[in-house]
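In what follows, every chain begins at residue 1, and chains take the letters A, B, ... in the order their sequences are listed.
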Amino acid sequence: MEESVGAVLDGMEQLSDEARSYLSVLNSEQLEAVVHEGSPLLILAGAGSGKTRVITTKIAYLIGERGIDPHQILAVTFTKKAANEMQQRAVSLEPRAQYSQIRTFHSFGAWFLRLYAEYAGIDPNFTVYDDDDTVSLLQKACPKLTKQQTNHFIHEISLAKDYCYTSSSQELDEIDSDPEFRIVYEAYEKRLRQTGNVDFGDLIMLPYLVLRDVEYVRQKLLARFKVIMVDEYQDSNVAQFLLLQQLSGVQEGFAACSANPDGIYVCVVGDDDQSIYKFRGAEIKNILNFKDRFPGTKIIRLEKNYRSTAEILGIADNVVRHNHGRLGKTLHAEKGNGKQPVLAFLPNQDEEADFCGDLIKLSHEKMGIPYGDWAILYRTNAQSLTFESNFLHRKIPYQIVGSLKFYEREEIKDMLAFLSLIANPRDEVAFRRIVNKPARGIGATTQEKIIDRSRLALLADESSADGAAPAEGAAPASFNLVQTSRAMLNELSKKAREGMTAFIEVFDEIEKKLAAPGDGIPGSSPENLPGEVPEKLSALIELIAEKSGLKEYHASQDEIAGSQKVANLQELANSAVPYDLSRNGLLEFLDHIELDRTIETEDGEEDSDRVTLITLHNTKGLEFSRVIMTGMELGLFPRADKNEEEMEEERRLCYVGITRAKDELYLTSCAMRRMYGRTDYMAASPFLIEIGKENVKVLGHPPANFRASTSRNGDYGARGLSHPDTESDPIKRKYSRGKRLYHDDWGYGVIVKTSESDDGEYCISVQFENGGVKRFLPKYQEKSLMITDD
DNA sequence: CCCGTCGTTATTTTT
DNA sequence: TAACGACGGG
């Protein structure tokens, strides 16, 4: 294969030396994908097949060798992390790639909307509401709704936007035919426009609507981007598909195809077997039907896996091949053979944690395997608890990925609310959050009064506006919660007035700082002196923390709860260092924060050697040398209530988990599990049966459904040669002659002799599969030994 | 406004 | 089980 790559490259005479060098490291399919042009392209990239390398090389190649202007390239991903990595790797191959738009879908949407806000009927200074904020807003917009109803409707609204259904769309009934839904959706939209905010769904839906309906904008965009690439395409939702369709001009024949090879080139990369976000709106049909929606599509499969051993890929395939709706792919392990995966059946979750702890700790102590090599995967966050307490107790260092989120922390949300209110003084949710924090005596009643008055002012402005008024939805400047508060001071109660005066003072001081970056002192020169170091946005955050009382407030919380709130505030300030101290800098920063919830692991101990505890969903895109997939039980993974379609998604999730492992894979399954206060007997996960017992080393006692599934079941439940049921010592009973066992250091063996040591301790001799006979005192080896039959 | 108690309810979650 | 939200008393 590699010869043919060389031959292809030799045939490409005008290649630059750089290109020749970055192309020569590709395999033939990767190369084909990189140099392909002239029609839409779907790259089906299996796990670990080097897809990021292909995309980034393709960007470099298009710029360096095909004369594409980097400004004309748009590459979108789903996570900021992926976007950053793509950007970085593309630039390292081709510096001009820095001028390309390499962004997340949502940040592209934000970029677009800031340019064309007027066409979308929104304020160009909009800030983005996260899910919590939208719930707060709807609660205020429709106070009659119970909290539960509010959550429910917010979910449905977000779902509707995933399909680009507006509150007046006919198809809205598909989401919820209750007529109240439409009314609530409408009220929510109205309020959202009044506050000058957008939600995540808007960042996709509004650009789509503008492109669809505004000819001028569509022409501009069609002329702007000539190459569009989408990564992780299997995770795209309908709205993102519609947006891509608009950008590609496929309906009007601007897309590259055999009839028009110079059209807009669309290249999507993904893996239908790794589509695991249906519950969040991802539409696997997007990738399954891509070739129908983009006529003339070329499909290239990347099936060479450079990550995992053949054994690991083999069982991954055993699982995923049970799915029906697939484009089909068979991964080949370039790494060759490795260790056989281990499947351990354990009595309960405590022993499961012990098993994992033993495995990790012993391999660390005896073989120097770093803790960082290990990842423990589970289906639900709640499962992490047992591992945490176990590891804490045994001093095994670990990190939990994705549970406590930086941006969801109280102190961070407080600070962001303050910043949002400065950026957008109509932001009602932000106003409510910080106007009385720390407590200033501005209670709910006062807040209500001020917001009602502001909205009245807005409505009055709207009704008096003539035809020349700003585009519909863009509210006039008089809607300003802080200004309204100031104007209403003497209508407030004494306590509220004092508190509000203090709050306004703080706010004014901050505004001044923003207007005159030289310093915060009123009346000083606003000009920047030559040679003066321009201040950073971080200075603003530090000032707010100080003056607003938030720092003091959270410091006292830290003392009580031993938390890190003040440190987190500082961390947030640090992350603002790259931004200018200006309104524009502030908007950029808020976009960055709001659209990138994966804040760089702020612990600072990130480099230290630790086991990773992580949900299966969170592992996508990651890899670990040694992986333990835990809780492989029916009812937990997969959950019991799955229909066939959902079952396929669970199966893909299992596939994702397995293919994270590079060298070693362990699966654990418990006979009993405590869940929701009850202890249930668990059956083995059907995925374990699909894997096949002949493909793994089985330890422990499999549940009946697993035993029944195997052809070779004589070994399980077989009794040892001598079995003193009369033996009263549990240790002696457990480690009796003839028992098979597994020792973490020595592997598999059978107890050939039992005896007593000099000081009268029970002692066993074990014949190991590959090695001699060892003598143990089982009492002291409980952690390393596991009986594999009974 | 803070604290305790009772009742409810339990997936997965980029942006 | 345990964690979180709602509610009521001080």
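A distance of about 24 Å separates the C1' atoms of B:dT11 and C:dA6, rounded to the whole Å.
A distance below 6.0 Å separates the ring centres of A:Phe279 and A:His617.
Between A:Asn618 and B:dT12 there is no side-chain N or O to OP1 or OP2 distance below 4.0 Å. Side-chain N/O atoms of A:Thr615 include none lying less than 4.0 angstrom from OP1 or OP2 on B:dT11. Listed pair A:Asn237 / B:dT14 fails the phosphate criterion, with no side-chain N or O lying under 4.0 Å from OP1 or OP2.
A:Arg674 contributes no side-chain N or O that, together with a main-chain N or O of A:Arg678, makes up a donor-acceptor pair within less than 3.5 Å.
Within 4.0 Å (heavy atoms only), A:Arg639 reaches at least one base atom of the nucleic acid. As judged by a 4.0 angstrom heavy-atom cut-off over every strand, A:Ala439 is placed among residues touching the sugar-phosphate backbone only. Residue-level contact check: A:Asn436 touches the backbone only, with heavy atoms under 4.0 Å from sugar-phosphate atoms and none from bases. Backbone-only contact: A:Lys147 has heavy atoms under 4.0 Å from sugar-phosphate atoms and none from a base.
Annotation for A:Thr127 and A:Asn424: closest pair OG1-ND2, 3.7 Å, computed over non-hydrogen atoms.
Two residues, A:His106 and A:Gly441, neighbour DNA chain B, and the one matched to the more 5' nucleotide by heavy-atom proximity is A:Gly441.
Against the 90° criterion about 0, the sugar-base torsion of B:dT12 places it in the anti range.
By the 5.5 Å and 30° criteria, A:Phe200 is stacked with the base of B:dT15.
A donor-acceptor contact under 3.5 Å is formed by the side chain of A:Arg280 with the base of B:dT14.
Residue A:Glu645 qualifies as open at atom CD: its count of foreign heavy atoms under 6.0 Å is 12 or below.
In this structure, A:Tyr277 atom OH and B:dT12 atom P are separated by 11 Å, rounded to whole Å.
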